[in-house]
Amino acid sequence: MDITLVRGDITEQQVDAIVNAANSSLMGGGGVDGAIHRRGGPAILDECRRLRASRFGGGLPTGYAVATTAGELPADWVIHTVGPVYSATEDRSELLASCYRESLRVADELGARTVAFPAVSAGIYGWPVHDAARIAIGTVLSTPSQVVEARFVLFTEDAYQAFRSALAAV
Ligand code: AR6
């Protein structure tokens, strides 16, 4: 699998699937989640509502992932995953790693070969970006899958530099 890093907006990526840093409700929010629903249009929220009604009545648990249409986005699918809120007192790294593993598992189920990831949990959920980058890259590299390109799409220069350092360190 090739790991690529780009500075940019995940909603513009021409890949098979993009990953959304969602919340358990699957009903949208701010950050990358807000951008994906805004640009992708109402078809994404419609499918999220159906998933809530059918499979995830209590919400999508932290560390899980589930796919929907990508609506009007260039990608074919959105894989929604719920990152952990950062805690300085409790180690939640395993939950963050699970977001990447589960997203790749769902990508394999879909037959997606190119997947774009944001820095899950590194925004509103407060995860220090260097640590988030290390977990993201380490997990994707150590997870067997059929995905040929995992593209990390970093919105800020800080996040981009953190991912560059994490990739250089493996
Ligand atoms: N493309 C790529 N990355 C982006 C974009 C974009 N268009 N917009 C923001 N980022 P966040 P979280 C970066 O806050 O920390 C939502 O309300 C951002 O700079 O989107 O997992 C959800 O509904 C940061 O590096 O996600 C949840 O309630 C990274 O994406 C909560 O936020 C993740 O930041 C999830 O918080």
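Counting begins at 1 with the first residue of the sequence. Numbering of ligands and ligand atoms starts at 1, following listing order.
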What residue and atom, counting heavy atoms only, is the protein's closest point to [atom], and at what distance?
atom	answer
atom 33 (C) of ligand 1	Ala119 O, 3.2 Å
atom 26 (O) of ligand 1	Ala21 CB, 3.7 Å
atom 15 (O) of ligand 1	Gly123 N, 2.8 Å
atom 19 (O) of ligand 1	Phe155 CB, 3.8 Å
atom 14 (O) of ligand 1	Ile124 N, 2.8 Å
atom 2 (C) of ligand 1	Ile10 N, 3.6 Å
atom 31 (C) of ligand 1	Tyr125 CE2, 3.5 Å
atom 7 (N) of ligand 1	Asp9 OD1, 2.9 Å

Step through the shown structure and confirm whether more than 12 heavy atoms of other residues, nucleotides or ligands are within 6.0 Å of CZ on Arg164. no
Might you confirm whether atom OH of Tyr64 has over 12 heavy atoms from other residues, nucleotides or ligands at distances under 6.0 Å? no
Can you see whether His80 engages Thr68 through a side-chain donor-acceptor pair at a distance of less than 3.5 angstrom? yes
Distance-only side-chain donor-acceptor flag, Glu149 / Thr4, under 3.5 Å: yes
Can you name the atoms of ligand 1, numbered from 1 with element, that are less than 4.0 Å from a heavy atom of [X]?
X	result
Gly30	16 (C), 17 (O)
Asn23	22 (C), 23 (O), 27 (C), 28 (O)
Gly29	17 (O), 23 (O)
Asp33	22 (C), 23 (O)

At the 4.0 Å heavy-atom cut-off, does [X] count as touching ligand 1?
X	answer
Val153	yes
Ala122	yes
Ser121	yes

Mark yes or no for whether [X], through its side chain, and [Y], through its backbone, hold a donor-acceptor pair below 3.5 Å.
X	Y	result
Thr11	Arg39	no
Arg134	Ala166	no
Ser142	Thr139	yes

Residue pair His37 / Cys48: nearest heavy atoms and the distance that separates them: CE1-SG, 4.3 Å
Filtering Val19, Val32, Thr11, Val120 for the heavy atom nearest atom 9 (C) of ligand 1 leaves Val32
Is there a path of hydrophobic side-chain contacts, each under 4.5 Å between heavy atoms of I/L/V/M/F/W/Y residues, joining Ile18 to Phe152? no
Test Trp127 against Leu96 for side chain to side chain contact (heavy atoms under 4.5 Å, CB included), laying out the working first. CA-CA 10 Å; Trp127 209 288; Leu96 185 55; 3.9 Å; yes
